[in-house]
Number of protein chains: 2
Amino acid sequence: MLTDALLLDRTPTVPGCAPARCQACKARGNSLCAAMGDGEISALHAIGRRRSLPAGQVFNWAGDQNNHCATVVEGMLKVTASTEDGREQIVGLLFPGDFVGELFEEDATLTVSTLCDTDLCTYPRAAFERTLEDHPRMERMLLRRTLAALGDARSRMLALGRRNAKERIAGFLLDLVERTGQPAGNGGVRIAIPISRGEMADYLGLTIETVSRQLSQLKASGILAFAKGDRGCTVLGEERLRAILNPA
Amino acid sequence: MLTDALLLDRTPTVPGCAPARCQACKARGNSLCAAMGDGEISALHAIGRRRSLPAGQVFNWAGDQNNHCATVVEGMLKVTASTEDGREQIVGLLFPGDFVGELFEEDATLTVSTLCDTDLCTYPRAAFERTLEDHPRMERMLLRRTLAALGDARSRMLALGRRNAKERIAGFLLDLVERTGQPAGNGGVRIAIPISRGEMADYLGLTIETVSRQLSQLKASGILAFAKGDRGCTVLGEERLRAILNPA
DNA sequence: CGGATCCTTGAATAGTTTCAACAACAGTGG
DNA sequence: CCACTGTTGTTGAAACTATTCAAGGATCCG
């Protein structure tokens, strides 16, 4: 699975009571806020501030003081861990509605940065943690999300520890099919690849060159179709991808 | 194989004060139960059953119905994910006080099994989830643990995706120093290696042979000392291990 | 147009796995 | 008691996979 997003428990809202910004928020339906009634939500609204970041910007550096957390309103972010000598591993991707930040930690251990222009609803971490205490439904929602993220992390550990390059690429593409797949005219599935080759490599624990070579091979064998400079592709052989991911 | 040695403690609940079983529980101090007062804890006690498992026993198979969760009272377990063709990756280790199980999932995706003789306090998952709802302090404790497990998983993703064999071994040994290290006479640190070479390999995403070779090399270079058949070793060069883990 | 970034491809290299053999040890049963 | 078997760990050699190093093409934007 590619995403931490979890759709559940959509509390019906009563129009007219929630602050205007929250009412109009695109992420409201599947963010932590979904757990809050219109009355409750003003507690979060009171401490939250909207912030727009351009693509490629860092929200928080590993090692810095961990003062802020946030909800993704629109856009995408990556969470990266790195070795001292600069090797990077993307340990998570964040989509609208996802929670951003490491709670209960004085210093950040991970770097969070935007993959495209992104809107966030940010909160001071301390204030957010206090709000969490007062709203068990929100805490429950966060628990479920965290459990989902943990499940995700564990399935990626299997990929990083035990799958070869071709299998990792196949798994990644199949995740994208699930998340962004749209039927294409020729019976294939059109998917968006929202990140660069370099970021794919950082996500999959490979090098840029290996990613490029594997994609070229899939193209040559007719499983995949994509044009140069195209951030997306058409999956023509979904079944064959599954066969690669799970060899006999 | 031995027949399933399964011991059930059916101590009746004593309302009002902590049940005797819980009072005497070795894990009480650092498990979820630590969040509960003596009165509260009887709610958990009411649904909990003690269970002893011998080493090498499976608590729950991936794919099976996910009906039970537990707290580790004594012993150790491993959580493994596997590919369809049988490659295994240990995605977590569990120690006394740790929570066992995947909440809010109908079917288990991971296999949990004992690494040594282990005592658990098991709960029916549904009943546990209900109890969780009634006890926000317990839920908060579980959230913190889950966040910690996620942080752990992410640092292991970095290791699996970006570190070579020697670095993974060094990191693993340093973790053990932190967790089980005892000063040894000669200025070194004595650590227990609680798992077999094969399990180390499954944990680190390597093969048995590579683990064995790397350990032999560390021994040859005087960083490590261990005898054949010894499930433990003495770290003589902790600083040199750190230098391996974080090369310039 | 020039420079920067991203992607692709080739050749050589290095690191890990695979395959194979063997030693040490525990438990089993004759 | 001793062979027999299965498990665990070690070591060597060969094979393979992914990385590293290197070069060139494509695209975008000033």
Side-chain angles (χ1 to χ4, degrees), chain A residues 54-56 78 83 85-89 115-117 159-172 192-221 224-233 244 247, chain B residues 1-2 54-56 78 83 85-89 113 115-116 159-173 193-221 224-233 244 247:
Chain A
K78 61 176 175 179
T83 61
D85 61 345
R87 285 168 284 172
E88 286 209 346
Q89 177 67 43
L115 291 168
C116 58
D117 294 354
L160 294 171
R162 292 297 178 208
R163 290 199 201 278
N164 64 27
K166 180 139 289 170
E167 290 166 352
R168 294 184 207 186
I169 296 278
F172 178 72
I193 299 181
I195 56 179
S196 69
R197 293 286 186 272
E199 282 155 346
M200 273 183 78
D202 283 348
Y203 185 80
L204 297 170
L206 302 167
T207 58
I208 294 181
E209 295 94 326
T210 301
V211 170
S212 183
R213 272 187 257 270
Q214 294 298 335
L215 287 173
S216 295
Q217 280 186 35
L218 289 176
K219 187 178 176 181
S221 59
L224 221 57
F226 59 93
K228 293 188 181 186
D230 184 10
R231 280 282 174 92
C233 65
I244 290 171
Chain B
M1 190 62 77
L2 294 172
K78 62 176 175 179
T83 61
D85 62 343
R87 286 168 281 172
E88 286 209 346
Q89 177 66 44
S113 41
L115 292 167
C116 58
L160 294 171
R162 292 298 179 207
R163 292 197 201 280
N164 64 28
K166 182 141 287 170
E167 291 166 351
R168 294 185 206 185
I169 296 279
F172 178 72
L173 292 173
I193 299 183
I195 55 179
S196 70
R197 293 285 185 271
E199 281 155 348
M200 274 182 77
D202 283 348
Y203 186 79
L204 297 169
L206 301 168
T207 57
I208 295 182
E209 295 94 326
T210 302
V211 169
S212 182
R213 273 187 256 270
Q214 293 297 336
L215 287 173
S216 294
Q217 279 186 35
L218 289 175
K219 186 178 178 180
S221 58
L224 222 57
F226 59 93
K228 293 187 181 186
D230 183 10
R231 281 280 175 94
C233 66
I244 291 172

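Just so it is clear: chains get the letters A, B, ... in the order the sequence lines come, proteins before strands, and each one is counted from 1.
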Tell me whether the side-chain N/O atoms of [X] come closer than 4.0 Å to OP1 or OP2 in [N].
X	N	answer
Ser216(A)	dT9(C)	yes
Arg231(B)	dG9(D)	yes
Ser212(B)	dT11(D)	no
Thr207(A)	dA18(D)	no

Round to the nearest Å and state the distance from [X] atom [atom1] to [N] atom [atom2].
X	N	atom1	atom2	answer
Asp230(B)	dT10(D)	CG	P	11 Å
Gln214(B)	dT11(D)	CD	C1'	14 Å
Arg87(B)	dT17(D)	CZ	C1'	13 Å
Arg168(B)	dT17(C)	CZ	C1'	13 Å
Arg197(B)	dT11(D)	CZ	C1'	13 Å
Arg213(B)	dG12(D)	CZ	P	9 Å
Ile208(B)	dC19(C)	CD1	P	14 Å
Arg162(A)	dT18(C)	CZ	C1'	13 Å

Checklist line | Lys/Arg cation over aromatic Phe226(B): Lys219(B), 6.0 Å, 45° cone | finding: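 Verdict for Phe226(B): a cation-pi partner in Lys219(B).
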Margin query: Under 4.0 Å, counting only non-hydrogen atoms across every strand here, what does Ser196(A) touch: a base, just sugar-phosphate, or nothing?
Written below: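 The answer is sugar-phosphate, as Ser196(A) gets under 4.0 Å only of primed atoms, P, OP1 or OP2.
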Next item on the list: Assign Gly56(A) to base, sugar-phosphate, or nothing according to its heavy-atom contacts below 4.0 angstrom with the strands shown.
Entry: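 No contact at all - Gly56(A) keeps every heavy atom at 4.0 Å or more from the nucleic acid.
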Checklist line | 5' priority, DNA chain D, between Glu209(A) and Asn164(A) [closest heavy atom] | finding: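 Final value for this comparison: Asn164(A).
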Next item on the list: Report the residue (Leu206(A) or Phe226(B)) whose heavy-atom-nearest nucleotide on DNA chain D is the more 5′ of the two.
Entry: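 Per heavy-atom nearest nucleotide, the more 5' residue is Phe226(B).
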Checklist line | Stepwise side-chain contact (heavy atoms from CB on, under 4.5 Å) test for Arg197(A) and Leu215(A) | finding: CA-CA 10 Å; Arg197(A) 293 286 186 272; Leu215(A) 287 173; 3.4 Å; yes
Item checked: Pairing of Arg87(A) and Asp202(A) as salt bridge, 4.0 angstrom limit ->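 Salt bridge: no.
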Note to self: Working to the nearest 0.5 angstrom, can you tell me the gap between Leu206(B) CG and Phe172(B) CZ?
What the structure shows: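 Nearest 0.5 Å value for the CG-CZ distance: 11.0 Å.
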Note to self: Apply side-chain contact (heavy atoms from CB on, under 4.5 Å) to residues Lys166(B) and Ile169(B) and explain how you reach the verdict.
What the structure shows: CA-CA 5 Å; Lys166(B) 182 141 287 170; Ile169(B) 296 279; 5.9 Å; no
